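In the text below, chain A, chain B and the rest are named by the order of the sequence lines, each starting its count at 1. Below, each value reflects all heavy atoms present in this structure, side chains not excepted, and no hydrogens, waters or symmetry copies. All values derive from a computational prediction rather than experimental measurement.
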Amino acid sequence: MTSAGIPKIILEAKGISKHYGGVKAIDDVSIDLREGEVLAIVGDNGAGKSTLVKAITGALAKTSGTIFLDGKEVRIDSPTDAKAAGMETVYQDLALVNELSITKNVFLGREIVRKDILGRIFGALDFKTMDAEIRTLFEKLDIRIADIYRDAQSFSGGQRQAVALSKTVMFGKRIAILDEPTAALGVRESKMAMDLVRSLKDHGLSVIMITHNMQHVLNYCDRVAVLRLGQLSAVRDVKDVDGDTLVGLITGTIDTKAA
Amino acid sequence: MTSAGIPKIILEAKGISKHYGGVKAIDDVSIDLREGEVLAIVGDNGAGKSTLVKAITGALAKTSGTIFLDGKEVRIDSPTDAKAAGMETVYQDLALVNELSITKNVFLGREIVRKDILGRIFGALDFKTMDAEIRTLFEKLDIRIADIYRDAQSFSGGQRQAVALSKTVMFGKRIAILDEPTAALGVRESKMAMDLVRSLKDHGLSVIMITHNMQHVLNYCDRVAVLRLGQLSAVRDVKDVDGDTLVGLITGTIDTKAA
Amino acid sequence: ADLKIAYTGYSTDNTFWIGVANSAAATAKEMGVELIDMTASSPDAAAQKDAVDRAINMGVDGIIIGAVDNRAFDASLDMAAKKGIPVVAVDTGIEHEHVKSLVQTDNLAAAGLAGDYIVSKIDGGTVLILGGSAGHQTGNARRDGVLNAAEAAGHEVIFQICDWQDACAYETTINFLQSNPDIRAIFGAWDPGALAAVSAANELGKLDDLVIVGFDGNPANLASIEANEQSATIKQDNVRMGAEAVANVIGLIKGEEVPAFTPIDGILITSDNVAEFK
Amino acid sequence: MTTTNENSSTSITTPTANSGNWDALKHQFMQIWQVLAALALIYMVFFILSPPFRSVDTLLSIFGQASILAILACGTTVVLISGGLDLSVGSIFAVVGVVVGILLAEYNLPVIVAVGLGLLTGVALGALNGILQVVTRVPAFIVTLGGLTAYKGVAEILASGRDLSRFPDQFQLLGSGYAVPMFIMFGVALLTGLFLTKTRLGNHAFAIGGNEEVARLSGVNVAKSRIYYYMIGGLMAATAAILEVSKLNFAMPARGQSYELFAIAAVVIGGTSLFGGRGGVGKTIIGMLIMQTIIVGLAYMGVGTSIQRIAIGAIIILAVYWDVWRRQAR
Amino acid sequence: MTTTNENSSTSITTPTANSGNWDALKHQFMQIWQVLAALALIYMVFFILSPPFRSVDTLLSIFGQASILAILACGTTVVLISGGLDLSVGSIFAVVGVVVGILLAEYNLPVIVAVGLGLLTGVALGALNGILQVVTRVPAFIVTLGGLTAYKGVAEILASGRDLSRFPDQFQLLGSGYAVPMFIMFGVALLTGLFLTKTRLGNHAFAIGGNEEVARLSGVNVAKSRIYYYMIGGLMAATAAILEVSKLNFAMPARGQSYELFAIAAVVIGGTSLFGGRGGVGKTIIGMLIMQTIIVGLAYMGVGTSIQRIAIGAIIILAVYWDVWRRQAR
Ligand SMILES: Nc1ncnc2c1ncn2[C@@H]1O[C@H](COP(=O)(O)OP(=O)(O)OP(=O)(O)O)[C@@H](O)[C@H]1O
Ligand SMILES: Nc1ncnc2c1ncn2[C@@H]1O[C@H](COP(=O)(O)OP(=O)(O)OP(=O)(O)O)[C@@H](O)[C@H]1O
Ligand SMILES: [Mg+2]
Ligand SMILES: [Mg+2]
């Protein structure tokens, strides 16, 4: 299922670096994402995974590096640029605003305004349409949250993560980027979240996912990129590795240059 | 190794409940901890694991319930009471103050004051002794942090968790309670942390550990208690269960009353 | 008491106005009318206008206003006129046809006394004026009284806004005495400000070379004049002011003829006559 | 564990039901009734204790007197919800008052032009507060503390040596009596309420105040929005200043002092969070009415201003305590 | 990824090396030199521009004038580090001034007794602030805003109708000249610095300000400690008030107004975080000296108070901007 024939590369990040003064959080990392695949990024705490993702999606100003979409160079300097390019990201610990309802959270930054003058001039919101779209989406994704008017903080960790992931289906036209979507989730909630990740593929998305869970890499991903000390140390097809190899690559006991 | 002969019960929590208005976060849960064992507590997100631990250690005022230590009833109404009783706890997400150095963090709330009048009257601190004790401790536990004067926030997640766990060895005279000590840790850091947990036993501590990682339960724990919807649904010897059984107990597909 | 009159003075944190209020209260008691003191604790024109409106709503029989700012009351006075509640202005004139009586020391004229006194005591040099808050009429009138006299006599004048803050008066005095050796006299537009200037000059050991004049005639300043520290102050006769205001408003209520202007003299107090006012 | 309906405590002032306008209004009212009840209670106490308090004029005058600060507080509500803070509104108030005074008394501009330029001045100073924060990343407390000091100096310089009083009759109509200020207050509150609950920019205030980083990552232009909220704060301060100048019929740079604190007090008495993300404008108005009722009531009973101060201080703490206690109790 | 030594940016004012006192002092100095350099630069500018500025007297008078507010700001530093906020110190200042004035001028108590009772009054009002917060869980901003209003009322009531002036010579010595206030200022700063860095309670201020919940779970008695920090704030406000009353030789309830804002400004100019957990007292003193040098320098150059205000406003923002910028740049 991974690459039928010649895999088309949808996203390419070349020579991405992010330095904080003397600290090289990531240093000259290049990765590519193939159409329809789930690419895992793994690595120790502090290896630079979140930083890499943030640099790619414009959430952080990168020190250097270039992004190509479908082979064409694109400028991505802000989250808005990334969204415009069809990338939707769920950031680690930064998915929802506690104080907003589910509807307002999902549509945050991309609210639907009314079609009348109130909407055009004052930006009056069309809650009816937004609520309806969310109900449709949740049904499609089998997310069972009835009370979409309630504040996000009153929902469980699993429900919150499901809501965050649903945003990628709603808006991610092509690419979904997920930073530890199952951290701090329980067994059941993790499974729910990973099933959602899998269904992203069915909705036509290519996925980059950061995780610390090797089981998830082996069960749900197509390829895996390993970061070590801010540098890319290996990229492998998941079918070519097992858990021990992965751990070895992450901790550096297996020493290889990027494939 | 678990229970040589008749296992002595060191801590017993009876009928613990914590209600938030109409919400029963935990409801009439009784568990016991045997001398020298590692007891895992597992359960879905929101099952009440953190609440249970906080109620036991006095971090939350419990709605009802009684605590027995060595068979004798004790009042534990604040974290200070728990510490006085020999329990040391590492709370989920609430382990260290970012703004304080490692030394100050480890000794927070139990600083060593100077033996002279400055110490007795003004509470002047004896940094020399504290630093020395920490170096000794870190050596003993094989924690490699040299710069104990640096603020906690400049350390990695793994290092931070190691520091937090070291507090239980330093102060936990008898019982260590750990809420998700490996959440958000990488593969290597997780292993480091779990090795530390194992060594707690060698230092004479009995351990209660909350975790979402079934592998850790199977590899490092002696018994496991399962919480579901705020109630205790099962307690098992780890040698009697496998991963699938555990998942079944957690999600409720296997329905049993507490052993 | 069958008659009820409302009184709103400048503020209650000011000794001069406390004197006016006490005198008004005493006079009212003497004459058997109830006096309600609605003065705000610090000078606030809006609060005072609200107080006047409130008095009108309460249906008092007469109102005495010691205006924080005299321009605030047109609408209120129209209402008072409609309800037939007479109004007397004290200390500060209010230009409105309904105000049939004004009991006043003219700040400009009284400050002129201070200016003349300063001019008579120094020859040459600069006069430092410590002012109230910016754009405040009473402060401006007092400033101008001294300023006109001093400039007419060819003195240089420095004016500093101090917002009626004592600490500012102290520090401004220190700073200017140190940076400008020409200063010969200091006029504080409020007595505590003058007292602060005395402390500052004393600090620098320059008290003996300076003429320091205040305004109000507060007890602390009288004591200071007696001790030959502060040179002079201008006392407005606040006791008479309060008494005349009450008398006039009662006269108006009873439909009697009262003078449109009751002048109260400003009195220059120096070490020569301070004993009379203690 | 029973399923929870704990949401009510957290969404007190954020209308959650967006389905119908009536529902929303009912919802709003349900959230407000307790504060309204407190207001009614306080009113009744004075009604019983003080005979002269019992007139319609008194009631109207409470509204009239509260209205100017309430308008200012509407702006403060928006700024606080968005996680900002504006200590400089009192000084903006002073500058606008002086500017309008100069335009009217010195340049004899038509009232509408003077008022328009006055409002613009407020908006501009608000924008300056916002831009400085966004560009320099200096915290709001500091930027607006600087503004508090600096703008006051500006007002003084502008006013110095000028007599700014006795404005055209037409202008005096704005702030005189109770009707017009009250009307403007309700208008401003209604518009602000609609803005906060119904528009995109208004909703973003809650998002930014709740979690600025999440809002930014979600594609909200946080910097630009913030500047708008401060502009609204400046606009409301300017509106209040114009009404006060009209009411007093003179302008002075010392006006507006400490108004920012009164406004913040009213906002938090009304239940808006100091830390952003939660709140609403309805209760801000009631909060201001509560303060004003107490001031007026005590004054009617002949209680001096010093004691009024103590009462107001106590009420500020009590009101928030009541809110804190209510939330804990559920 | 190279190993980081980014700690320097975060520990600017928390001395991290506890090994030797000399090391600690050197460390402190390294952290302070930039702020000191700014102070020196500003001083030099006025030195060049204004001939009368070039005297030792002037230098001393800057210290003398800064000292009272600097003492107040030392207390504010402690409160802010612990994550608190005290808007009421200006009003505590007023109450203490009036109380000491009454005790001296009316009851003719011995100076030491009057001063002692004055300090006690400050401590008691600070304790009240702390206790109210801890008991009611109302945020510091609100409790101390209530205190700001209420204590001012108390000061007015106490002072009303009284002549509080002409104190014993012995008392006047306290605040007169530059030497004594300066000496007290350095003493207070030194003690506060030692308290913060060397004692248990002082260290807990950083912990509570950094993460109150972690501190509580670690067994720190957060409530009790907080009350102590507010008591220290009250004590410093009282000390400052006594010095000012002595200096001016009369007491008035209108004193202290807005001093809380000046103190906060000095503290943040010095680099202490408004949000708790970080900071130190050394730079607070320099922060206050910077503000005072500018005020005095401008006054020497004959610049009016209104422009001084604008300059101070700008300096507050600039100073914090510089700090923000420096941290980002690393
Ligand atoms: N603002 C910053 N200033 C300096 N260094 C930073 C900053 N932000 C991150 N770093 C450093 O960059 C490195 C990479 O951090 P990053 O969060 O990307 O790691 P990660 O791989 O996502 O770790 P985790 O698995 O814990 O989420 C870390 O060493 C971190 O200390
Ligand atoms: N302050 C509170 N008010 C109301 N309900 C609360 C409060 N704190 C916790 N709860 C509820 O109590 C339940 C148990 O929460 P708890 O944090 O103990 O779960 P947990 O098992 O530790 O979950 P996780 O695995 O995500 O850490 C949850 O349903 C939560 O919503
Ligand atoms: Mg990460
Ligand atoms: Mg938990």
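- At a 4.5 Å heavy-atom cutoff, the contact between Ala299(E) and chain C is made by backbone and side-chain atoms alike.
- Inspection of non-hydrogen atoms places Gln308(E), Arg309(E) of residues 308-317 of chain E under 4.5 Å from chain C.
- For Val303(E), the part lying near chain C is the backbone, with the side chain staying farther off; criterion is any non-hydrogen pair under 4.5 Å.
- With chain E as partner, the option from Asn180(C), Asn221(C), Asp166(C) having the largest number of non-hydrogen pairs under 4.5 angstrom is Asp166(C).
- Looking at Ser224(C), both its backbone and its side chain come within 4.5 Å of chain E, counting heavy atoms on both sides.
- Within residues 194-211 of chain C, the residues having any heavy atom under 4.5 Å from a heavy atom of chain E are, by residue number, Leu195(C), Ala196(C), Ser199(C), Glu203(C), Leu204(C).
- Contact annotation for Glu171(C): both backbone and side-chain heavy atoms come within less than 4.5 Å of a heavy atom of chain E.
- Heavy-atom proximity under 4.5 angstrom to chain C picks out Arg255(E), Gln257(E), Tyr259(E) from residues 255-267 of chain E.
- The structure places CD1 of Ile174(C) at 12.0 Å from CD1 of Ile62(E), a figure rounded to the nearest 0.5 Å.
- For chain E, the nearby part of Ala227(C) is the side chain; its heavy atoms alone come within less than 4.5 Å.
- Legend: residues meeting ring pair (Phe, Tyr, Trp, His ring centres under 6.0 Å) with Phe46(E), ordered by chain and number and at least two apart, are Phe53(E).
- In this structure, chain C has a heavy atom under 4.5 Å from the side chain of Glu244(E), while its backbone stays farther away.
- Nearest heavy atoms, Arg166(E) versus Ala220(C): NE-O, 4.2 Å.
- Looking at heavy atoms from C-beta onward, Gln178(C) lies in side-chain contact with Ser61(E) at the 4.5 angstrom threshold.
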